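The structure appears right after this line, and notes come after that.
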Amino acid sequence: MGDYFHSVRLDEEKCKGCTNCIKRCPTEAIRVRKGKARIINERCIDCGECIRICPYHAKKAVTDDFSGISAFKYKIAIPAPTLYSQFKPEYSRNRLLNTLKTIGFDDVFEVARAAEFVSEATRKLVSEGGSPKPMISSACPAVVRLIQVRFPNLIDHLVKLESPMEVAAKIAKRKAAEEKGLDPADIGVFFITPCPAKATSVKAPYESKKSYVDGVISIKDIYLRLFSKLEKTSEAEQLAKAGFEGIRWANSGGEGLAAGTERFLAVDGIHNVITILEEVENDKIEGVDFIEALSCTGGCLGGPLTVENVYVAKTRLKKHIDEAKAAANSAGYQETYDENIIWTENIAYKPIMKLDDDIGVAMKKLEELEKINNELPGLDCGACGAPSCRSLAEDIVRGNAYETDCIFKLRERVRDLAAQMKELEDMAPPVMDGSRKQK
Amino acid sequence: MGDNLMKLHYDIPAYDLTYAGEASSNVKKLLVQLGIDPVRVKKAAIAMYEAEINAVIHGNGGAADVEISSGRIVICISDKGPGIADLELAMQEGWSTASDEIREMGFGAGMGLPNMKRYADRLDIDTEVGKGTRVTITVNF
């Protein structure tokens, strides 16, 4: 897959080359070149902000096609809890899970259930101590990648537990192999996702060598298929097994509430996350043991691959949470897991902002950058294709842009040139110039 | 390594906490672009931030002069404030002369100078009552 697989991509045909996405990107990973937005691969963290902001729908997330499930003999759907919030509240969670079995899946395992296992392990880690506080959740892959490129000092703060998606996939696969006597290679586990960064995580995982998930299908892509079958599905089978704590993970604050400490902080929205992580890095956050940080506003419910508005989804999820609370599902469901859920790989700092490997060269470039930046108009208009004047200056010293890419600089040059031409035009040769005095 | 020396100057406004910390966050950004080890960047940024805030809340504003070379950063923050009468006392954690108003805003916890000492590789303080204070922070790369 290479170093830089990304789910978030550009649809060339739809892109108008406007400046909406370049200005919104939290890692300054987009430039407009030749009228089209270009994503700088090593900087992209797959947060999906550009998908949300693009008025022309030119940014898309590459997920797997539904037809891909047919490549496996035994197909298991593992839905993110966000899926429950996408449909009218009169449809119960159990009906929804049963419906997944009518559209082609042989079995279902709730990621919400795995989230409860992850919460259990998190509570243990938080109470044990030993790790630098505050511990930062690694559940949101965009936040993990953000930390990797912008907050290297916080890598040690990450809770290095696998995500509920991975844990669900592992358990579902093992159970199917044991109970049905299947060859694991014949079992396909498909994550139903609100999130493009999860698709990236499956193709290019950072916490292990290989993901247990075989495919990632977006909620958007599966929505109509489910919707048309919901009405007629029977609820014969009891598939809803997760408790309210796991379902609540879809909400901002859900994971934090289950972390086993009053001293938790929940932040959502990638730009808010950056503000908080900066405070943590500067030792400005006191009295916090656990941080839940989610890239999307509203948490996973606000994922770019969802169908329903995040606030409507929140209200709908609440009903499912309350129902699960009343049924006390997980209390009566004594399944355990014996999977190892600790990361087997780690992430390393990617210094994407570094100007050069040689500090002497980097200093020369930085001085040049400051000089150029001081001469730019400071409007951050984006017409040059870079998100700010400073980033244009940075692109220039990296050799990726010219000063005249700035339309104000270009105009200055044209004006100077015009003045020079005018001056030359005024200077007629002496044989033609009657006004010149004879010496 | 060449003898490159980068000099920067920032004015620090008096009593304006809205923009306090801007100079240090700017310097942090530059150090990241230079590819300095993240741990060193953090040390320099926090030590400078504390000195900057002190100049804002105690020193009636002032200036930051920063010199970056390939081996170290030297941050000099000077103010024309009241000066520090008892430096030994001021170096103690939790000791502060900040007003209640400043404390209500979350500053003045008496951690400024102790934090500077903790994060700087070398800290020089030059202060005179009635004249002002100059803090020089060195962090080696």
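Every value quoted in this text rests on a predicted model; they were computed, and no experiment measured them.
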Report which part of [X] has an atom under 4.5 Å of a heavy atom belonging to chain B: side chain, backbone, both, or neither.
| X | result |
| --- | --- |
| A/F151 | neither |
| A/K284 | side chain |
| A/I352 | neither |

Kindly indicate whether the side chain of B/M48, heavy atoms from C-beta on, has any atom under 4.5 Å from the side chain of B/V66.
->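 Contact flag for B/M48/B/V66 side chains = yes.
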
Nearest-0.5 Å distance that lies between atom [atom1] in [X] and atom [atom2] in [Y]:
| X | Y | atom1 | atom2 | value |
| --- | --- | --- | --- | --- |
| A/I22 | A/I39 | CD1 | CD1 | 12.5 Å |
| A/F408 | A/L379 | CZ | CG | 5.0 Å |
| A/F264 | A/S137 | CZ | OG | 12.0 Å |
| A/C384 | A/L410 | SG | CG | 12.0 Å |
| A/R390 | A/N374 | CZ | CG | 9.5 Å |
| A/N153 | A/I147 | CG | CD1 | 11.0 Å |

Whether A/H6 side chain and A/D46 backbone form a donor-acceptor pair below 3.5 Å | no

Proximal to chain A - members of residues 118-138 of chain B, heavy-atom separation under 4.5 Å =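 Hits under 4.5 Å: B/R118, B/Y119.
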
Tell me the residues of residues 24-40 of chain B whose non-hydrogen atoms fall below 4.5 Å from those of chain A, in number order.
-> B/K28, B/L30, B/V32, B/Q33, B/L34, B/G35, B/I36, B/P38, B/V39

Of the listed residues (A/E370, A/E281, A/E394), which shares the most heavy-atom pairs with chain B below a 4.5 Å separation?
->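 Among the listed options, the one with the most contacts to chain B is A/E281.
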
Do B/N60 and B/H58 have side-chain N/O donor and acceptor atoms under 3.5 Å apart?
->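 No.
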
Closest approach of A/K354 to A/R398 (non-hydrogen atoms, all atoms of both residues) |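 What the structure gives for the nearest pair is O-NH1, 3.1 Å.
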
Give the minimum heavy-atom separation between B/H9 and B/A63, together with the two atoms involved.
-> CE1-CB, 3.7 Å

